[in-house]
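Below, chain A is the first sequence line, B the second, and so on; all start at residue 1. All values derive from a computational prediction rather than experimental measurement. Below, all heavy atoms of this structure are taken into account, side chains as well, without hydrogens, waters or symmetry copies.
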Number of protein chains: 2
Amino acid sequence: MEQHYQLLRKHIEEICVLTDEEWDVVAQRFTYKSLKKHQFLIQKDQLVPCEYWIIKGLTKAYAIDSNGKEHILQFAMEQYWTSDFNAFQNKVPATIIIDCIEDSEFFCLKWEDREYLCHEIPKLNHFFRIKSHYGYIALQQRILSLLTETAEERYNNLIKKMPKLIQRVPKKLLAAYLGVTRETLSRF
Amino acid sequence: MEQHYQLLRKHIEEICVLTDEEWDVVAQRFTYKSLKKHQFLIQKDQLVPCEYWIIKGLTKAYAIDSNGKEHILQFAMEQYWTSDFNAFQNKVPATIIIDCIEDSEFFCLKWEDREYLCHEIPKLNHFFRIKSHYGYIALQQRILSLLTETAEERYNNLIKKMPKLIQRVPKKLLAAYLGVTRETLSRF
DNA sequence: ATTTTAGTGTGAGGTAGATCACACTTTTGG
DNA sequence: CCAAAAGTGTGATCTACCTCACACTAAAAT
C-alpha cells in the first residue's frame, strides 16, 4: 500500500512538489477501494461522493442511449482520474455509468476533502486547476476529431495515440468510444 | 469602461466574492481590446499570449480540415472566455483560429498575469479551477451529444439550449458547429 | 444605387456507415 | 472440463447524411 501512496505523490508532484508535511495532509484524505471486473464504480441516478484516481486497472465511463446502445466517454487506466464529474461537482445524481473492464484499485477523494485540500494547500488548488485545464484541452481535441475525421481515421489515430490501451480493450468497446458500430470497425 | 470592469467583477464574484483590494489587483491585470467583424482574435500558427473574456460581441473558434472545411469548436459571446487554450497554456503555436462574427470587445489576460493572480489571490485560483471544471463538463456533454444523437436531434437541442445564440449566428455556421453540412441542416 | 458577396433552399445522385443475420473463436465461470 | 457468455468477422441490405448543382434573397461594399 505504501508504494501506491508513493505513486500518487509522484503523480501530483509532476505538477507541484510538496513538502513531507503537506503530503501527509494530502495522503490522509484519500481512501482505498478495490473492485473486480464488471463491478460498478458509479451507477446511474446515484449520488457520486468521490472522484477516483486509478492505482491499477481499467475502467470505462459511458452512457446508454434510448436504443440501449452504449457510448463511451472515457477509458481510464493507471494514473488517470475518473468520475461523473458533473454529478460529483454539483451533487446531483449520476447520468453516466462507470464500471471496471479489469480488476481495479482506486484512491477515492470525497468532494469535501478535495475542497479542504484546495483551501488548505494552495499547491493542490493549483494541481487540480491545471489537471482540469489539461482535461478540457483533451476533450477539445476529441470533439475536433469527431467533427473532422472519418471513423477509420479516428481509429488509426487512437492506435497511434494510445497503443497500450488498444491491447487491453475489446474492439467492440473501442467502437463504442469512436462512435461507430463494431461491425464497421472490424472492416477497417 | 468602468461599467465593463464592473461586469467582469460580477462575473468572477458569481464564484468567489472579492474584497475591493483584491479586485484592484485583479482589474489591473486585464487589458482592453476591440475588434471589428471578420477580424482575427487568434490566427493559426501564432503564439497565443492571452485568454479573452468577452465584454460584447460574438466569436467563433474553429479548425479547417484537409478539404478546406470549417469545423467550429466554440461560439463565445458576452461573459464567455475564449482562446486556443492549448496554445495558451503550453506556449505553442495556435492550431485553431478565432475570429469575430460581430464587432467585439474583450478583456485580455496574459498567461503570466493569470498565474500571478492565481498565486497571489487564492480565490482567483479557485475561480479558474471551477471554471475549467465546468468547461470540462460542458465538453463532455457535447461529446455525448455527438456520439448519441442524430444531427437533427443535436440541432433541436441546440435551439432549446441556446436560443439567443441561434438568432445571432448564420445557419451555415450552426451546421459547422453541429457536424453536418448546411444543406442537410436546411432540410430539418 | 448597383454590383459583389454571403447566406439559404432544394433537387438528384452517391457513399460511409448502420442494421440484421449468422458463423466462428475465445474467455469465463461453475 | 464443459457449458454459457462474450468477442469477432463477414455478407446483404438499408439509410442518414454528403456532394454537386443551380436558383433565389439578403446584406455589404464601392
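Of the options A:Gln141, A:Glu152, A:Glu149, a side chain to side chain donor-acceptor pair (under 3.5 Å) to A:Asn157 is made by A:Glu149 and by none of the others. Of the listed residues (B:Lys60, B:His38, B:Gln39), just one forms a side chain to side chain donor-acceptor pair (under 3.5 Å) with B:Asp99, and that residue is B:Lys60. For the side chain to side chain donor-acceptor pair (under 3.5 Å) criterion with B:Glu13, the lone passing option out of B:Arg9, B:Lys10, B:His11 is B:Arg9.
For the pair B:Glu102 CD and D:dA28 P, the interatomic distance rounds to 11 Å; values are reported in whole Å. When rounded to the nearest whole Å, the span between CG of B:Leu173 and C1' of C:dA6 equals 10 Å. The distance between atom CG of A:Leu185 and atom C1' of C:dA18, rounded to the nearest whole Å, is 14 Å. In this entry the distance linking CZ of B:Arg154 with C1' of D:dC17 reads 10 Å, nearest Å. One can place CZ of A:Arg168 at 22 Å from P of C:dT26, the figure rounded to the nearest angstrom. Put simply, CG on A:Leu147 is 15 Å from C1' on D:dC18, counting in whole angstrom units. Look at CG on A:Asn67: it is 14 Å from C1' on C:dC20, rounded to the nearest Å. The interatomic distance linking B:Glu152 (CD) with D:dA16 (C1') rounds to 11 Å, in whole Å.
In this structure, A:Glu78 pairs ionically with A:Arg168, as a charged nitrogen and a carboxylate oxygen lie closer than 4.0 Å.
Side-chain N/O atoms of B:Thr184 include one lying less than 4.0 angstrom from OP1 or OP2 on D:dC18. For C:dA18, one of the phosphate oxygens OP1 or OP2 lies less than 4.0 angstrom from a side-chain nitrogen or oxygen of A:Thr181. Considering only side-chain N and O atoms, B:Lys171 lies nowhere under 4.0 angstrom from the phosphate OP1 or OP2 of C:dA6.
Take the nearest nucleotide of DNA chain D for B:Lys37 and for B:Arg187: the residue whose nucleotide is more 5' is B:Arg187.
Distances from the side chain of A:Lys172 to the nucleotides D:dT8, D:dT19, C:dT8 place D:dT8 closest. The side chain of A:Arg182 approaches C:dA21 more closely than any other nucleotide in the set C:dT28, C:dA21, C:dG17.
In A:Tyr32, the OH atom is crowded: over 12 heavy atoms of neighbouring residues, nucleotides or ligands sit closer than 6.0 Å.
A:Glu183 comes within 4.0 angstrom of a base, heavy atoms only.
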